[in-house]
Every structure is written in C-alpha cells, then in structure tokens.
Amino acid sequence: LGGKSIEEKLLDESVVFVKRKTPLIPIRLDKPHHDNNTQEPSVLLKDGNIELFYIGLSLSKPSEAIEKGNKITSMAMYKAVFDTDLNLVSQSEDPVLELANIIEVHYRDGVYHTFSTKSPPLLIRLFGDFHKGETITHYLSKDGVNWTEKDLILEGGPTGSFDGWGIMAPTVVFETDHVVLFYTAWEYEDRSDLPESALRRFGLGRKNGDSIHGTL
C-alpha cells in the first residue's frame, strides 16, 4: 500500500461503473423455468472466456414476487460462458449442481471448486425458515459441469451458540498451505428486545417476538 490507506490506494473516485442496458441472463416470465429468478453470480476467467456460475430459481408463479402463494419449485446452479465482449457462447439448460445456493466457484490446478450453502431439502421445498439448519459444503469438478458428491466442511453449533441457527454465504481465499473460509453465522434469540451491542449486530426481528442475529 506504500504507506497509504486502503481507501487512498484502491478507491479511485474517477472510476464509475456503468450498468449494462440488457442483462447477461434475461429473465423468463412465460412459464416456470430456472431463469425466473437468477442470483449469486460467481465468475471465472478461463481459456479466453468468462465462465459465469449462478443460482437459478424456478417459481410456481413466474410473474409474481416470491412470497406466500408463490413457491420456489427448484433451486440449482447453472453455467453460462461468454466471450470477453460478453457475447453468449453457451448456456446450460440443465442444472450443473442441484440444491446449491449462495455459491463461490474457484478454478485451481486444473480443478473447479464450488463452495455452497446447503439447505435441508425439506426446507427448500417449503421455502423454509430464514436459512435455518444450513451448512457449508464443497464440490469438485474437472469440467465445471459434472461434480463430486457434496462434502460437508462446516456446520453450525449447538442451540444458543453464535452459529446455532445455521451458517451460509462462503467466501474463500486460497493461500499457500491453507484455504481460509469466511462465512455468515446466525444466532437465534427467543426475545427481540435486546439492547444494541457495541458490535452493532444485524438482527432480524420476527412477528412472534424472537430474533436472529448475524456474525461474520
């Protein structure tokens, strides 16, 4: 950093991002389809192309918001490939990884790694209770399409602990001898009238008087 702060060194206020006029993955609203709702992009630059991995949600009512009466009928990871001018080269119609969510994909030493938030299947089908019981899993692939079975690498702690409700949202750094994993953990509290702590934790208050608090 040359003695400068991160802001001074890396934040160039003359650089302004411009949003594309058209989306890379257009929304589908005519029928239930995995592109009814697309989210969680993870991008690799490989072999002169841009590989985009993303989560696609199929909805029972594609043209309506995700809420009561509109269910998520499927959730999976899909893959699209673009050239460096962002022209579409290919796009998977079938899932490349079922029941993945909130992903991060890396390519290292000839192998793809996907780190994923894993929800209990029943909660997925019922559009369950705010990421309850989620864990973090890892998958390997040589081609970015066919993946090994999930490997559970981290799960939440006992009830009452900082991660007792569930964990999610992996972000990974590969170091020389280690893989460093950052993630969000959720703690359940059976009351919502908690005093604001010095840490200014984010809390989700709920109608029945309890709350869920997040920690990185």
Side-chain angles (χ1 to χ4, degrees), residues 1 6 9-12 14-59 72 74-119 124 134-154 167-184 216:
L1 296 176
I6 293 176
K9 184 70 175 180
L10 302 181
L11 180 58
D12 182 354
S14 68
V15 176
V16 178
F17 289 93
V18 178
K19 184 179 179 180
R20 281 173 56 97
K21 294 181 179 179
T22 56
L24 290 176
I25 306 294
I27 192 171
R28 287 283 302 269
L29 297 178
D30 57 322
K31 63 178 183 179
H33 186 272
H34 60 264
D35 287 345
N36 293 156
N37 184 297
T38 58
Q39 52 182 276
E40 312 298 344
S42 188
V43 175
L44 301 175
L45 299 176
K46 183 175 177 292
D47 299 331
N49 286 321
I50 298 170
E51 297 188 356
L52 168 66
F53 296 87
Y54 67 97
I55 299 303
L57 305 182
S58 179
L59 306 179
I72 298 173
S74 69
M75 174 187 292
M77 184 173 79
Y78 296 83
K79 179 182 179 182
V81 179
F82 300 84
D83 64 23
T84 52
D85 293 320
L86 296 178
N87 298 306
L88 183 64
V89 175
S90 63
Q91 183 178 5
S92 62
E93 181 62 29
D94 296 323
V96 297
L97 190 55
E98 295 277 6
L99 290 179
N101 190 25
I102 316 178
I103 56 167
E104 185 166 284
V105 183
H106 292 256
Y107 185 78
R108 185 176 176 85
D109 298 329
V111 178
Y112 290 87
H113 298 256
T114 289
F115 297 84
S116 171
T117 304
K118 177 72 174 180
S119 299
I124 288 288
E134 290 184 331
T135 57
I136 292 176
T137 52
H138 173 246
Y139 305 79
L140 293 171
S141 173
K142 292 184 177 180
D143 58 8
V145 176
N146 300 289
W147 298 84
T148 60
E149 291 295 317
K150 70 177 183 295
D151 178 23
L152 173 64
I153 59 173
L154 198 64
I167 61 175
M168 58 181 280
T171 293
V172 173
V173 178
F174 282 87
E175 295 189 344
T176 304
D177 299 317
H178 298 85
V179 177
V180 181
L181 172 68
F182 298 88
Y183 63 97
T184 297
L216 177 65

Item to check | Ser42 side, atom OG; Ile102 side, atom CD1 - distance, nearest 0.5 Å | outcome: 13.0 Å

Next on the checklist: Under the rule for side-chain contact (heavy atoms from CB on, under 4.5 Å), what residues qualify as partners of Pro32, not counting sequence neighbours?
Outcome noted: Asn36, Ser58, Pro62

Checklist entry - Listed by chain and number, what are the salt bridge (Lys or Arg N to Asp or Glu O under 4.0 Å) partners of Lys150, not counting sequence neighbours? => result none

Item to check | Between CG on residue Asn37 and CG on residue Leu57, distance to nearest 0.5 Å | outcome: 4.5 Å

Item to check | Under the ring pair (Phe, Tyr, Trp, His ring centres under 6.0 Å) test, residues paired with His33 that sit two or more places apart | outcome: none

Next on the checklist: If I compare all heavy atoms of Thr84 with all of Gly48, which pair ends up nearest, and what's the gap?
Outcome noted: CG2-O, 3.6 Å

Checklist outcome for this item: To the nearest 0.5 Å, atom OG1 of Thr137 lies from atom CG of Leu99 at 10.0 Å

Next on the checklist: When you compare the side chain of Thr171 with that of Tyr183, does any pair of heavy atoms fall below 4.5 Å?
Outcome noted: no

Checklist outcome for this item: Those residues at least two apart in sequence (or on a different chain) that pass ring pair (Phe, Tyr, Trp, His ring centres under 6.0 Å) with Phe182 are none

Next on the checklist: Applying ring pair (Phe, Tyr, Trp, His ring centres under 6.0 Å) to Tyr107 and His113, what does each step give before you reach the verdict?
Outcome noted: CA-CA 6 Å; Tyr107 185 78; His113 298 256; 8.7 Å; no

Next on the checklist: So which atom in Val105 and which in Thr114 form the shortest heavy-atom distance, rounded to 0.1 Å?
Outcome noted: CG2-OG1, 3.5 Å

Next on the checklist: Can a donor-acceptor pair be found, under 3.5 Å and without considering hydrogens, that links the side chain of Asp12 to the backbone of Ser14?
Outcome noted: yes

Checklist entry - Step by step, would you call Ile25 with Leu52 a side chain to side chain contact (heavy atoms under 4.5 Å, CB included)? => result CA-CA 10 Å; Ile25 306 294; Leu52 168 66; 4.0 Å; yes

Item to check | Approximate separation, where rounding is to 0.5 Å, of Asn87 CG and Phe82 CZ | outcome: 9.5 Å

Item to check | Minimum side-chain heavy-atom gap Leu44-Asn49 below 4.5 Å | outcome: no

Item to check | Exceeds 12 heavy-atom contacts within 6.0 angstrom, atom NZ of Lys46 | outcome: yes

Checklist entry - Do Ile50 and Leu45 touch side chain to side chain, with heavy atoms closer than 4.5 Å? => result yes

Item to check | Donor-acceptor under 3.5 Å (Thr184 side chain, Ala169 main chain) | outcome: no

Next on the checklist: Is it true that Asp143 and Ser141 share a donor-acceptor pair across their side chains at a distance under 3.5 Å?
Outcome noted: yes

Checklist entry - What residues form a salt bridge (Lys or Arg N to Asp or Glu O under 4.0 Å) with Asp85, not counting sequence neighbours? => result none

Checklist outcome for this item: For Leu88 and Ala80, the nearest pair of non-hydrogen atoms, with its separation, is CD1-CB, 4.2 Å

Item to check | Residues forming a salt bridge (Lys or Arg N to Asp or Glu O under 4.0 Å) with Glu40, sequence neighbours excluded | outcome: none

Checklist entry - Thinking salt bridges, do Lys79 and Glu51 make one under a 4.0 Å N-O criterion? => result yes

Checklist entry - Which residues satisfy the side-chain contact (heavy atoms from CB on, under 4.5 Å) test with Pro95, sequence neighbours excluded? => result Ala76, Tyr78, Glu98

Item to check | Atom of Leu59, atom of Ile72 and distance for their closest heavy-atom approach | outcome: CD2-CG1, 4.1 Å

Next on the checklist: Taking side-chain contact (heavy atoms from CB on, under 4.5 Å) as the definition, give me every residue that meets it alongside Ile6, ordered by chain and number, with sequence neighbours left out.
Outcome noted: Leu1, Leu10

Checklist outcome for this item: By side-chain hydrogen bond (donor to acceptor under 3.5 Å, both in side chains), Tyr54 pairs with (sequence neighbours left out) Asp35, Gln91

Checklist outcome for this item: By side-chain contact (heavy atoms from CB on, under 4.5 Å), Asp177 pairs with (sequence neighbours left out) none

Item to check | Worked verdict on His106 versus Phe174 for ring pair (Phe, Tyr, Trp, His ring centres under 6.0 Å) | outcome: CA-CA 9 Å; His106 292 256; Phe174 282 87; 5.1 Å; yes

Item to check | Rounded distance (nearest 0.5 Å) linking atom CZ of Phe115 with atom OH of Tyr139 | outcome: 12.0 Å

Checklist entry - How would you list, by chain and number, every residue that makes a side-chain hydrogen bond (donor to acceptor under 3.5 Å, both in side chains) with Thr176, sequence neighbours excluded? => result none

Checklist outcome for this item: Nearest heavy-atom contact between Asn101 and Ser116 is N-OG, 3.2 Å

Next on the checklist: Per the salt bridge (Lys or Arg N to Asp or Glu O under 4.0 Å) rule, what does the pair list look like for residues 15-34, sequence neighbours excluded?
Outcome noted: Arg28-Asp30

Checklist outcome for this item: Value for CG (Leu154) from NZ (Lys118), rounded to nearest 0.5 Å, stands at 16.0 Å

